[in-house]
There are 2 protein chains.
Amino acid sequence: MSKKQCSMTIGVLAKAAGMGVETIRYYLRRGLMAEPEKPYGSIRHYDEQALARLHFIRTAQWLGFSLDEIGGLLTLQDGTHCDEARVLGEQKLTSVRQKISSLQRIERALDGLVQECCAQRGNVECPLITSLQDGLENTRLLPD
Amino acid sequence: MSKKQCSMTIGVLAKAAGMGVETIRYYLRRGLMAEPEKPYGSIRHYDEQALARLHFIRTAQWLGFSLDEIGGLLTLQDGTHCDEARVLGEQKLTSVRQKISSLQRIERALDGLVQECCAQRGNVECPLITSLQDGLENTRLLPD
DNA sequence: GTTACTCCCGTAGTCAGCTACGGAATCAAG
DNA sequence: CTTGATTCCGTAGCTGACTACGGGAGTAAC
C-alpha cells in the first residue's frame with residue numbers, strides 16, 4: 001500500500017491528501033510542516049512522512065483542535081510527553097461535551113417550536129416567530 | 001415590567017440588550033433593524049420593539065441561524081408564513097442533529113484516546129499522538 | 001524547441017460577525 | 001456657556017483557515 005521511497009511534488013501530495021496545494025503551502029508557512037529538502041533545483045519533494053503529517057492535521061482538526069493547538073500537539077510528537085498530550089485531549093473532550101449539551105438544549109428548543117408550528121397550522125400567529133420575539137422564555141431553554 | 005412609551009438612545013438600548021453599540025449599528029447597516037425615526041436633531045431613538053428585535057436576533061443566533069437566515073425569518077414576521085417558518089426550523093433542526101451526532105463521534109474518539117493515554121502511562125509511545133498520526137483507523141470513527 | 005503544465009514566492013482577498021477609530025455634531029448637567 | 005459624555009458616519013481592522021492571483025522559473029512530453 002505505502003511505497004517506501006515515495007517522492008512527491010506538492011501537487012501530487014495535495015491529491016494524495018485530498019486537499020489543495022495552497023492549503024499545504026499555508027501549513028508550511030504556519031510552521032506545521034517542516035520545509036522539505038529540494039533535491040533538484042528549487043522544487044520541493046515530499047515523502048510519506050509529510051503525508052502522515054497532513055493526516056495528523058486533518059484528524060486533529062476533525063477532533064476540534066485549532067491549527068495553533070495542533071502545532072502544540074506536534075511538539076509532543078516524540079512520544080515522551082504522553083501526560084501533556086492527555087491533558088490537551090481531556091480539555092478538548094470537556095469542550096466537546098459542553099458543545100454537545102448546548103446543542104442538545106438547542107435541539108429541544110427548536111423541536112418544541114417546530115411541533116407547535118405543526119399543531120397550530122392555520123393559525124394567524126406563528127408560534128415559532130412569536131417565541132423568538134418573546135425570547136423563548138416559556139421554553140426554559142434560554143441561552144447561557 | 002415593560003414601559004409603553006420607552007424611548008432610548010443607542011447606548012441605553014445596547015445596555016438593555018446586553019450588547020455593544022457598534023453591534024446594533026452593524027445590524028442597522030445589515031438591514032436587520034428598521035431605521036428608527038430621529039425625533040430630535042439627528043439622534044436616533046429606539047423603543048421596546050427595537051429591543052424585542054434584538055432579543056429575536058440573539059435567540060435565533062443561539063439556535064444556530066446566521067444573520068442572513070435571521071433576515072429571512074424576519075420577513076415572515078407578520079405571522080402569515082407559519083409554514084415557511086416551520087420549514088426553516090425543521091432544516092435547522094436537521095443540521096443541529098447532524099452536528100450533535102458528529103460531535104458525539106468525536107467525543108467517543110477523544111474519550112478512547114484519553115483512556116488509552118491513562119492506561120499506558122509510562123510507555124514511551126503516546127497512543128493519542130500515534131493515533132493521530134495513523135489517522136484514527138483503529139477507532140472506526142473516522143471523519144466524514 | 002515549443003508548448004503546456006506545474007512549481008515558486010509574496011501578497012491580497014474571502015467569509016461572518018463583529019470591533020475599533022477618528023473627527024464632527026449634539027445633548028445634558030452644572 | 002462650558003465641559004464631558006454620547007451619538008453620528010464612514011471606513012478599516014480583527015479572527016481563523018483558507019483561497020486566489022500574478023509573474024517568473026522549472027520540467028515533461030512531443
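Every heavy atom of this structure was used, including side-chain atoms; hydrogens, water molecules and symmetry mates were not. Order of the sequence lines sets the chain letters (A, B, ...), proteins ahead of strands, with each chain counted from 1.
If you take CZ of A:Arg25 and P of D:dA20, they are 14 Å apart, rounded to a whole angstrom. Distance B:Trp62 CH2 to C:dG17 P: 17 Å, rounded to the nearest Å. Remark: P of C:dC18 and CG of B:Asp68 are 12 Å apart, rounded to the nearest angstrom. Straight-line distance from the CE atom of A:Met19 to the P atom of D:dA17: 13 Å, rounded to whole Å. Atom-to-atom, CD1 of A:Ile24 to P of D:dT19 comes out at 12 Å; the value is rounded to the nearest Å. The CD-C1' distance, from A:Glu22 to C:dA12, rounds to 12 Å in whole Å. Computed from coordinates, the B:Leu28 CG to D:dG10 P distance equals 12 Å when rounded to whole Å. Taking atom CD1 on B:Ile10 and atom P on C:dC27, their separation rounds to 16 Å, with Å as the unit.
Between A:Leu51 and A:Met8 the shortest heavy-atom distance is CB-CE, 4.4 Å.
The closest donor-acceptor contact from the side chain of B:Arg58 to the backbone of B:Met19 lies at 3.5 Å or more, if one exists at all. Using a distance-only test at 3.5 Å, with no hydrogens or angles considered, a donor-acceptor pair links the side chain of B:Asp47 to the main chain of B:Ala50.
OP1 or OP2 of D:dT19 sits under 4.0 Å from a side-chain N or O of A:Thr23. Look at A:Tyr26 and you won't find any side-chain N or O under 4.0 angstrom from OP1 or OP2 of D:dA20. Contact annotation: A:Arg44 does not reach the phosphate of C:dC7 (side-chain N/O to OP1 or OP2, under 4.0 Å).
Side-chain proximity of A:Val21 to C:dC7, C:dT26, C:dG17: nearest is C:dC7. Side-chain atoms of B:Ile43 lie closest to C:dC27 of the nucleotides D:dA17, D:dG26, C:dC27.
Between B:Gly11 and B:Arg29, the residue anchored closer to the 5' end of DNA chain D is B:Gly11, taking for each the nucleotide with the nearest heavy atom. Comparing B:Ser42 and B:Ile57 along DNA chain C, the residue whose closest nucleotide (by nearest heavy atom) sits nearer the 5' end is B:Ile57.
Each of B:Leu93, B:Asp83, B:Leu76 was checked for a side-chain contact (heavy atoms from CB on, under 4.5 Å) with B:Leu88, and the lone residue meeting it is B:Leu76.
Atoms OG1 and CG, from A:Thr23 and A:Leu28 in turn, are 11.0 Å apart once rounded to the nearest 0.5 Å.
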